[in-house]
Amino acid sequence: MENVLKEGLLAIEACQNLGDLQNVRNEYLSKKGLVTQLMGKMKDLPAEDKPAYGAQVNQIKQSLEAAFKLKEEALQEAAFDVQLQKGKIDLSLPSAMPLVGTLHPLTIVQTEIEQFFMGMGYLVKEGPEVELDYYNFERANIPQDHPARDMQDTFYINAEWLLRTHTTAIQTRTLEAYKGEIPVKVICPGKVFRKDDDDATHSHQFVQIEGLVVGDKISLADLKGTLELLARHLFGEARVIRFRPSYFQFTEPSVEVDVSCHICNGKGCPTCKQSGWIEILGAGMVHPNVLRMAGFDPEKVSGFAFGLGVERVALLKYGIDDIRHLYTNDLRFLNNFRRFE
Ligand code: FA5
């Protein structure tokens, strides 16, 4: 009996890991283990010796169990230390740099144009992208069934609601909100939507910035001067711009402004569809009907308005050959704009 205890304690002490310890535990304390075998011998003893014998075997069993428990805790702690060593965190290692995003080129251009006009005292007004036909067309002097509606292929939601086709919808809302008060001097940036076929200079969704000035004796010369200043600010003195007579139902007279193509310098190429020019905006003197519908007296006040395509400006400013680059979220393209921030 003494040997079982002595050897058992030595065997426990010699264990190097939890697996070894389990083997020793089986050898001593399992159903067929040495301690159980000692217990089994009790039946052969005379009755008077049985209690003392039983107590002694129990004592051995308890001593071994206590030793197992202590050893198990020690081995578990050692295993945990090894684990900690393996997964050690080296705080002195330089960390991976977080990816820092850049402003999108359209945001850069839009902000630049907004700041240019805010510096001249313009306010910034916004409006809903899902718009009433009324503000998008009717208040822009384009009644139901008027052929001028064909100039902008429209995503209709139902007979009354549509995705706005131009920021002129914000213009008509703003005019209404001013209730005949002058001066009105605002720019209205926002997304617009058209069923246009996508190509190098057209997208079905794009950003426009509307400009609107209504006041005393506002003339076409004011419009021309403003747009020339803007073009020089955006493209520098070198790039040539031209004013071309045009037609919009909500302005009279109307013009369009083109900038000489940045890819071919005016010679003609696929980006400018061989014309040598890229159109950036439509403009004109606000039509008397538009003023009248919004509660202004066209005999007393006049105004100019323009609607500029932000993507077109971005193409010309940064030498981008295809408008679709602005919408495909390719990081190789977008990372080029870090230096412009
Ligand atoms: C208009 O949208 C008029 N509302 C502009 C206007 C406002 C005229 C106020 C007079 C007074 P237009 O459809 O031409 O006009 O569009 C204006 C500008 O938006 C264009 O010069 C062009 O720069 C841009 N644009 C038009 N269609 C697209 C398109 N599919 N993709 C990208 N840019 C476009």
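Both counts, for ligands and for their atoms, begin at 1 and track the order of listing.
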I'd like to know if Asp258 pairs up with Arg244 as an ion pair, taking the criterion as any Lys NZ or Arg NE/NH1/NH2 lying under 4.0 Å from an Asp or Glu carboxylate oxygen.
yes
Do any pairs count as a ring pair (Phe, Tyr, Trp, His ring centres under 6.0 Å) and have a residue in residues 173-217, sequence neighbours left out, and if so which ones?
none
Could you tell me which non-hydrogen atom of Thr251 sits nearest to which non-hydrogen atom of Ala283, and how far apart they are?
OG1-O, 3.9 Å
Decide yes or no for Cys188 and Leu212: does some side-chain heavy atom of the first lie under 4.5 Å from some side-chain heavy atom of the second?
no
Review item, side-chain donor-acceptor pairs of residues 43-67, under 3.5 Å, at least two apart:
residue	atom	partner	partner atom	Å
Lys43	NZ	Gly40	O	3.4
Tyr53	OH	Leu38	O	2.6
Ser63	OG	Gln59	O	3.0

Residue pairs, two or more places apart or on separate chains, that pass ring pair (Phe, Tyr, Trp, His ring centres under 6.0 Å) and touch residues 106-148:
Phe116-His233, Phe117-Tyr122, Phe117-Phe306
Give the residues near ligand 1 by chain and number, with the criterion being a heavy-atom distance under 4.0 Å.
Gln152, His166, Thr168, Arg194, Asp196, Thr201, His202, Ser203, Phe206, Gln208, Glu210, Phe248, Phe250, Thr251, Glu256, Glu279, Ile280, Leu281, Gly282, Ala283, Ala305, Phe306, Gly307, Gly309, Arg312, Ile323
